[in-house]
Amino acid sequence: MAWKTLDDMELNGKVVLVRVDINVPVENGLVTDATRIEKIVPTVKDILAHGGKPVLLAHYGRPKGKPVAEMSLKLTLPALEAALGQAVTFAEDCIGGPAKAAVSAMAAGDVVLLENTRFHAGEEANDPALAAAMAALGEVYVNDAFSAAHRAHASTEGIARLLPACAGRLMEAELKALEAALGNPVRPVVAVVGGAKVSTKLDLLGNLVTRVDHLVIGGGMANTFLVAQGVEVGKSLAERDMAPTALEILEKAREAGCTIHLPVDVVVAREFKAHAANETVPVADCPADAMILDAGPQTVAAIAEVFAACRTLIWNGPLGAFEIAPFDAATNAAAAKAAALTAAGTLVSVAGGGDTVAALNKAGAAEGFTYISTAGGAFLEWMEGKDLPGVAALMD
Ligand code: 3PG
Ligand code: MG
């Protein structure tokens, strides 16, 4: 690997600045999903075990360069302390007096969390002065925030160029899983791409058709491909103006030898609500007054066959309206199949992207995957084949 890990660094007695992503969902001041917080624990504990003093740098929300009380990282403190099993000192600013005081008071075994880096306009501007002010607090920089690595910000990119830098354990795990899924995968490779709109995933589809052997298209975006091929989809969500683009993607796939799999049967309803009356029809028979809300059982069987024939699966986006039962059936069944093949040892399965993780958790299949990314936007940009600035800065 072109980047260093904690194993390559001298940490004993050193102040270690660790960029983490603890941008977790919060409701009424309480963290509702602590996954991202739990995932940074191995890195922090590893630094402590090697005698280092971890000082956590992170953003929260989008405060647009000024302090916003509701976006203080203080709200993550109880969840962070619970995950680490120890007290954490909070500093009211990520640079200057409060940060320096907290860092200089650290004893071995202590952990410090600095206030939201995005309270400074220089964070998103990747201002060298802010990066230097943060770098001045420590001696080593560890980036454990893969899910924020698509941002070229002072705490993810600029600072990595100012201190000896390495990937944390979570960053390492993410990069290895992604490399196994798309960088240098065991073939054949199948990608599942779902979700509402083709327009938001154009670059992703364009990149994938040149990299994978099979591409399963699901969700609302499948309707756009169906329309492009002259299939009538009634009142279904479809981006009719994207039809030419869909045809271009199909052509690009044909040239690249990537087989595209679209629904052959669909579950249709007249209302978009849970338990709406529904029927399953061949894809060509969507009634004019109905909308497609899920893929049908024959489609699921075809997807299962593709999964069984492949050795690597990369998944982004649900196959149907997974938020409302029973239109989560195809997503659940395909996820269960992926988990079973993973358990049987024939499939390496990697998934990521906001809705995807929610859908797989809901399907109860997330644990059965080889790797579930903590990243939303960063996972998508990586699937698009883009360089992630936060990762690139660790390479140099
Ligand atoms: C995320 O939640 O996707 C990351 O923390 C990045 O946040 P951002 O989209 O506000 O940059
Ligand atoms: Mg985001």
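Whatever order the structure lists them in is the order used to number ligands and atoms, beginning at 1.
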Per-atom contacts, ligand 1 versus Arg118 - under 4.0 Å to a heavy atom: 7 (O), 8 (P), 10 (O), 11 (O)
Over 12 non-hydrogen atoms of neighbours within 6.0 angstrom of NZ in Lys64: no
For Arg36, the ligand 1 atoms whose distance to one of its heavy atoms is below 4.0 Å: 1 (C), 2 (O), 3 (O), 4 (C), 5 (O)
Proximity to ligand 1 by part of Glu124, non-hydrogen separation under 4.0 Å: neither
His150, any N or O under 3.5 Å of ligand 1 N or O: no
Whether Asp110 side chain and Ala107 backbone form a donor-acceptor pair below 3.5 Å: yes
Contacts of Lys201 that satisfy side-chain contact (heavy atoms from CB on, under 4.5 Å) - sequence neighbours left out: Val193, Leu204, Met221, Asn316, Leu380
Close-contact set for ligand 1 against Ser147 heavy atoms, below 4.0 Å: 4 (C), 6 (C)
Stepwise side chain to side chain contact (heavy atoms under 4.5 Å, CB included) check, Val41 with Leu84: CA-CA 6 Å; Val41 169; Leu84 287 170; 4.1 Å; yes
Minimum non-hydrogen distance to atom 10 (O) of ligand 1, winning option of Arg62, His59, His153: Arg62
Proximal ligand 1 atoms for Asp21, defined as those under 4.0 Å from one of its heavy atoms: 4 (C), 5 (O)
Short N-O contact, Lys362 and Glu323, less than 4.0 angstrom: no
Salt bridge (Lys or Arg N to Asp or Glu O under 4.0 Å) partners for Asp93, two or more places apart: none
Numbered atoms and elements of ligand 1 in range of Arg151, under 4.0 angstrom, heavy atoms: 8 (P), 9 (O), 11 (O)
